[in-house]
Structures are given as structure tokens and as C-alpha cells.
Amino acid sequence: MEAFGISATPIAVDALRRELESAGAGAVVCFEGRVRDHNDGRAVDGLTYQAYVELAKAEGACIVAEARARFSVERIVCVHRVGDLALGEVAVWTGVSAGHRGAAFDACRYVIDEVKARVPIWKREHYVEGAPEWLHPAAR
Amino acid sequence: MEAFGISATPIAVDALRRELESAGAGAVVCFEGRVRDHNDGRAVDGLTYQAYVELAKAEGACIVAEARARFSVERIVCVHRVGDLALGEVAVWTGVSAGHRGAAFDACRYVIDEVKARVPIWKREHYVEGAPEWLHPAAR
Amino acid sequence: MNYKLLYFASLCDAAGCSEEAVSSAACDVRSLYAEIAARHGFSFTPEHLRVAVNGAFTDWEQRLANNDEVVFLPPVSGG
Amino acid sequence: MNYKLLYFASLCDAAGCSEEAVSSAACDVRSLYAEIAARHGFSFTPEHLRVAVNGAFTDWEQRLANNDEVVFLPPVSGG
């Protein structure tokens, strides 16, 4: 399986976590981004994610390779969801195993921070009241 | 359920993770400490953890309260295993849910760092060769 | 020259389509965007966008070849 | 006075028991440790240990009362 993936179906968190297991891994850190019921003071009742899949996969793989070069880790897996998501669904999952916890925390944080900043994926928020909107945060 | 627990049986990671779910939680960070097959250059084939249970529970609860006061989080759960553990078993599990990922990462890291430094639990390493040893790292 | 353009997120809404084939005299990315943005009424300036040609990020001075796939990427919001 | 002592990890191995009832003239934590460490041959000095009385961390100058539960805690290694 690829270290970075895009999934149009619910992310299989348990299966991904099992991929991190390794005899030398003393530390496993996982991050789950979930659909919240609010954002910027507005009540949210769902999200749609759209990706430029070809480039998203290439950029995600690049981020994972950077994390492997920077931190002493065993395995890294990251999957981002696309399509329509209900409240509470997992939008993005990142897991890292490492010999020691410092590297596992740092690599997991690096991957999710870079994915959010660089990977061509866009979020459309659906509100309890009002029309849905695409979010383009850097353009604010 | 208590925010900090000591378990003499395998840690039920899936059940703990479900306790973190909350409609306002956009970020969930989990840390698993697992039994590695080596430490300090020696091949390890298992661990025994012993706790001063009464004080460990009190100190663990104190650490969780400190994390709640320092970081903007929704839920925190931490469980440490005691008894005999085989390679790959989960020795300690910490999960944090929060509105945003920064607080979730920081609180999770805080709890595991403090638990390792302060909670009266001791590890006895069993080696592939040689007699087992209690680890008392600060006394090195 | 002929180009294939893909549109995502609010640019897709503004263009009214997720892709289109265009025939244009523009032969670099910046000129092509000026033309397309004017036609579709895109509000983003190049400073707010990234650009990809044939599936890889590139810069605004990139020269284009016939049949290139060109994508103007609005600020991302994954995660 | 009578005290109940609990031993953990290497102190348990060195004492040869996980708890014992002791009768002692020592009436503070530091004096009691000196007496117990000498008897069991503990190699830790107070600087390397923490101490708890009746289930709560305390300091080495803590006065003791009859029937207190006293625990000398070697450096921890959880996680």
C-alpha cells in the first residue's frame, strides 16, 4: 500500500493502524481529523472534499518522504478522504511508528501540517443555515 | 470511566478511542507505547510493569488535570498496563480529542511525558540473554 | 495552441465546469490565466493561486506546449 | 512506633519482600530510611528516591505517626 492515499470511501482506521506495527516500534502516534459540528462560529452539518487526485498523491508522497528523511521513524501512513462526509467522520488519518516517541510525535505533526498546507484538496462546508462554501483559507 | 487508569489486562484500545469521540472534536491524537524487541542495544523478549497503584492513579489523574488546564481539549484518556507483557503489546495508551490539532498534539505529548517522568510505575526488562533488570533511569 | 484545463473548488463553480478544452494564443501560464480569468470572471490573482502543468507544480513563467494539461489551484483546505 | 513499608522494583528485590511491618524509634522519613537502607543494604541515597506517606508524595523531613504507610520510590520507568 502507498504511504499516502486518497480514499473515496470511509477510512479504515483499524487496518491502517495495523500497518504501523513493527517489532522495533516502541511508539505509535496517530492523528485523526474529524468533521466538527461547527467552524468559525457557524453550525456545520457536513463537508465535501474535492482533490486533484493525481497531484495530491504525488505531493502527499513527497511529504511522507520528507518526514522519513527528517525524523527517525519506522513507518508512516496518511490517507485523506474525498467526497461527502457526515459529522464525526474521519477526514484525514496520519499514523507514524518509531523507536522513540519524540520522532513519532514530530513526524506525525509534520505530515499533517504539510498535508493541510500543500496537498491540493479543498473543503466545502455545508451549514445548518445558508449556502455551502468552498474554503480557501490563505486567500482571506 | 477515570481519565487515568491502570490495567492488569490488555489495553482495549478501540474502546478507549471511542471515548474520545465528541461532536466538537475536530482532532484526535493517540499515543501508543509498545514493547520493543530491543533497548540500549540488548535484545528484549518481554517486560514486566509494576505500579504503586494507589499513588499511580492519583498522580496520573493530577497530570490529566494539568493538561486540561493548560490546553484547550475536549477529552483525555490514559491507561498504563501492569504485569507481564509480550513483544508488541501496548504498555501505555494516551488519547486526546480537541477542537484543533495543536492542542491535541500538545496535550497528548504533555501527558505521556509527565506520566513517564512522574507516575510510580517500574519496568523490568527480560532479555534474550542474561538476567532481567529493573530500570531506574534517573539513577544512571 | 490547444490546452486542457481542470477546475477545482470555487474555480470550478465560477467556470461552471470541471474541465474544458481551450484554444488560445497564450503560450505561457501567466498569459493563459489572464485570458481565462477574464472570460470566467475569476477573482483570484496569480499571487493567490498555484499552478500545475501535466500533473506537476510549476511557476507562472512556464512555457506551454500544445495539448498541455493546465490547472490553476486555489488555496487548499484539506484536513 | 509501628510503620508499614511497601517496596517496589529493585527495592523489593533488595528487601526480599514487597511489604513489611517495622517497629522503629525513627520519627521522620529521613531517619527511617537510613535505618531501613542499612538493614537491607539499599544502594540508593535519598537524592535518588522519592517518598510517599499514606499514599501521597511528601518530603524527607516529614514527621511520622504511628501506623503510617511509608514508601520509598526508586526512579520510575513507566511508559
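By convention in this document, chain letters (A, B, ...) are assigned in the order of the sequence lines, proteins followed by strands, and residues within each chain are numbered from 1.
Across all non-hydrogen atoms, the minimal contact from A:K123 to C:G79 is NZ-O, 3.2 Å. Nearest heavy atoms, A:K116 versus C:G78: CG-O, 3.6 Å.
Annotation: residues 10-38 of chain C contacts chain A through C:S10, C:D13 [non-hydrogen atoms, separation under 4.5 Å]. Residues of residues 48-67 of chain A lying under 4.5 angstrom from chain C, judged on non-hydrogen atoms, are A:Y49, A:Q50, A:A51, A:Y52, A:E54, A:L55, A:E59 by number.
In this pair, C:F8 and A:W122 present their aromatic rings parallel. The plane angle is below 30°, not in the 30 to 60° band.
Remark: the backbone N or O of A:L135 is paired with a side-chain donor or acceptor of C:S77 at under 3.5 angstrom. Listed for the A:H136 side chain is a donor-acceptor partner under 3.5 Å among the backbone atoms of C:P75.
Neither the backbone nor the side chain of A:V115 comes within contact range of chain C, judged by heavy atoms closer than 4.5 Å.
Taking a 6.0 Å sphere around CD of C:E61, one finds it holds more than 12 heavy atoms contributed by other residues, nucleotides or ligands.
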